[in-house]
Amino acid sequence: MEKATANQLEHIQASLAPLKQALLNHPIYQEIDGLEALRVFMEHHVFAVWDFMSLLKALQRRVCCVEIPWLPAADPTGSRLVNEIVVAEESDDDGQGGFVSHFELYHRAMIRCGASTAAIDSFLDELRRGRPVPIALESAGVPSSACRFVRQTFDFIENGNLCAIASAFTFGREDLLPLVFQRIVDELNVDAGGGLEDFKYYLDRHIGLDGEEHGPMANRLLQSLCGTDESRWRLAEQAALDSLEARRKLWDGIFDAIRWKKSKAPFHGRHRLEVKHPGQALTQRA
């Protein structure tokens with residue numbers, strides 16, 4: 001069985017190879033040539049960071065017992081894998097002696113580098129008021145490409161197929177950000193006077209864990225859930241393809257947003273950010 005499921009996994013990975021290559025070579029990275037462009041990227045991408053957590057919690061609800069009265073999990077191995085990922089994603093070392101979710105790390109990084117958190121904050125406020133996700137997206141004025149991406153994720157969640165949810169989680173992770181993106185951030189951090197240190201920490205923690213620990217765990221979980229059932233593997237493959245296509249469309253939307261902003265208010269090279277004093281948000285020099 002283990003060999004059979006490994007073959008199925010390899011088949012999906014081969015099917016995804018062209019889409020993954022297109023994402024890794026996307027022209028968006030050439031457009032992130034300054035802090036203004038990086039801010040636009042973050043203001044959109046934060047919604048993908050948020051809905052990654054929603055996929056994970058959907059998995060936890062389905063694979064682990066989170067109800068009262070408690071009942072033993074049907075798949076103890078799967079439960080262990082999901083809970084291990086949840087611990088790190090929802091309550092990781094924050095680099096300052098405490099614990100924080102990776103979403104909150106990202107949000108903190110946005111504030112520090114001067115990216116607007118208005119849309120994501122408004123969206124979360126709408127959710128806290130009990131608004132359904134589609135209405136919250138519209139009310140908060142979330143960028144259209146981010147709206148489409150989140151709706152795709154919630155289609156997986158609401159359709160309720162566990163293998164599709166697990167596949168979207170497994171193949172839609174942030175290892176889709178190439179090394180060149182991290183090099184861009186390193187270079188811009190120099191211009192920002194260290195103002196991207198929080199973002200670099202997020203990249204190190206989240207993407208590092210994805211590649212080294214959570215990726216292999218997610219693969220094992222998907223193999224456990226699909227087993228030798230061909231129909232489940234077909235659903236998993238389609239969900240994986242849909243996830244990467246949704247990511248490509250998100251990248252296209254962010255690319256267009258960066259180009260549009262440059263055309264309306266041309267970026268004059270790279271802008272340095274200044275820190276008033278430790279702990280304060282960074283402010284842009286006009």
Side-chain angles (χ1 to χ4, degrees), residues 1 5 46-94 96-108 120-137 139-140 142 149-174 202 205-206 209-210 213-227 229 231-233 235-236 239-240 243:
M1 175 177 170
T5 59
V46 66
F47 289 92
V49 177
W50 174 81
D51 85 349
F52 177 88
M53 289 300 303
S54 296
L55 269 177
L56 177 56
K57 299 305 281 188
L59 275 177
Q60 189 180 36
R61 287 176 62 182
R62 296 289 299 278
V63 176
C64 314
C65 182
V66 294
E67 308 296 337
I68 299 173
W70 177 85
L71 292 170
D75 180 0
T77 300
S79 179
R80 172 72 182 211
L81 292 170
V82 171
N83 280 329
E84 281 195 35
I85 296 172
V86 168
V87 168
E89 295 288 345
E90 197 170 38
S91 53
D92 197 10
D93 182 343
D94 70 352
Q96 299 177 0
F99 301 97
V100 72
S101 70
H102 286 178
F103 168 79
E104 289 163 300
L105 279 178
Y106 198 99
H107 189 275
R108 185 174 78 188
I120 187 65
D121 290 344
S122 178
F123 173 63
L124 295 179
D125 285 344
E126 290 293 311
L127 294 179
R128 291 185 184 103
R129 294 187 185 103
R131 305 285 197 275
V133 168
I135 294 174
L137 288 167
S139 299
V142 175
F149 186 85
V150 172
R151 289 191 186 109
Q152 170 74 73
T153 298
F154 274 79
D155 281 346
F156 289 127
I157 293 172
E158 289 164 6
N159 287 339
N161 184 279
L162 183 54
C163 291
I165 294 170
S167 183
F169 179 82
T170 299
F171 295 107
R173 300 186 315 274
E174 298 299 358
Y202 164 82
R205 292 300 300 166
H206 188 69
L209 281 171
D210 266 6
E213 297 180 29
H214 295 174
M217 286 181 183
N219 287 341
R220 285 161 55 199
L221 176 64
L222 188 61
Q223 288 175 281
S224 174
L225 293 174
C226 293
D229 189 320
S231 64
R232 291 181 180 181
W233 281 108
L235 282 168
S243 294

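Atom set for the values below is all heavy atoms of this structure, side chains included, hydrogens, waters and symmetry mates excluded.
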Discussion item. Could you check whether any side-chain heavy atom of F52 comes within less than 4.5 Å of a side-chain heavy atom of F103, counting everything from C-beta outward?
Written reply: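 F52 vs F103: side chains apart.
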Worksheet item: Quick one: does L55's side chain get under 4.5 Å of L59's, heavy atoms only?
Response: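 Result no, sub-4.5 Å side-chain heavy-atom pair not found.
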Would you compute the distance between atom [atom1] of [X] and atom [atom2] of [Y] and round it to the nearest 0.5 angstrom?
X    : Y    : atom1 : atom2 : value
T5   : L222 : OG1   : CG    : 9.0 Å
E90  : M53  : CD    : CE    : 4.5 Å
D51  : F47  : CG    : CZ    : 10.0 Å
N219 : S224 : CG    : OG    : 12.5 Å

What residues, two or more places apart in sequence or in another chain, satisfy side chain to side chain contact (heavy atoms under 4.5 Å, CB included) together with [X]?
X    : result
A88  : L209, H214
T77  : D75, L81
V100 : D94, E104, L105
R131 : E126, R129, I135, A136

Practice prompt. Could you pull out all residues at least two apart from H102 that satisfy ring-ring contact (aromatic ring centres under 6.0 Å, His included)?
Written response: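 Checked H102 against ring-ring contact (aromatic ring centres under 6.0 Å, His included); matches are H206.
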Worksheet item: Considering residues at least two apart in sequence or located in another chain, which fulfil the ring-ring contact (aromatic ring centres under 6.0 Å, His included) criterion with Y106?
Response: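 Listed in chain order: H45, F199, Y202.
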Worksheet item: According to the side-chain hydrogen bond (donor to acceptor under 3.5 Å, both in side chains) rule, which pairs have a member within residues 59-74, sequence neighbours left out?
Response: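 Residue pairs passing side-chain hydrogen bond (donor to acceptor under 3.5 Å, both in side chains), neighbours aside: K57-Q60, Q60-N83.
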Item to complete: Identify the two heavy atoms, one from G78 and one from V63, that lie closest to each other, and give their separation to 0.1 Å.
Response: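 Of all heavy-atom pairs spanning G78 and V63, the closest is C-CG1, 3.5 Å.
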Discussion item. Below 30° counts as parallel, above 60° as perpendicular, anything between as tilted: where do the rings of W50 and F154 land?
Written reply: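 If you compare the ring of W50 with that of F154, the planes turn out parallel.
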Discussion item. Could you check whether any side-chain N or O of W233 sits under 3.5 Å from a backbone N or O of G227, counting only pairs where one atom can act as donor and the other as acceptor?
Written reply: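 Yes, the answer is positive, given that a donor and an acceptor are paired below the 3.5 Å cut-off.
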With sequence neighbours excluded, residues passing salt bridge (charged side-chain N to carboxylate O under 4.0 Å, His left out) with [X]:
X    : value
D125 : R128
E84  : R80
D229 : R232
D92  : R205

Using atom types as modelled, flag every donor-acceptor pair under 3.5 Å from a side chain in residues 155-168 to any protein atom, sequence neighbours excluded.
residue : atom : partner : partner atom : Å
N159    : ND2  : D155    : O            : 3.0
N161    : OD1  : C163    : N            : 3.1
N161    : OD1  : A164    : N            : 2.9
S167    : OG   : A236    : O            : 2.5

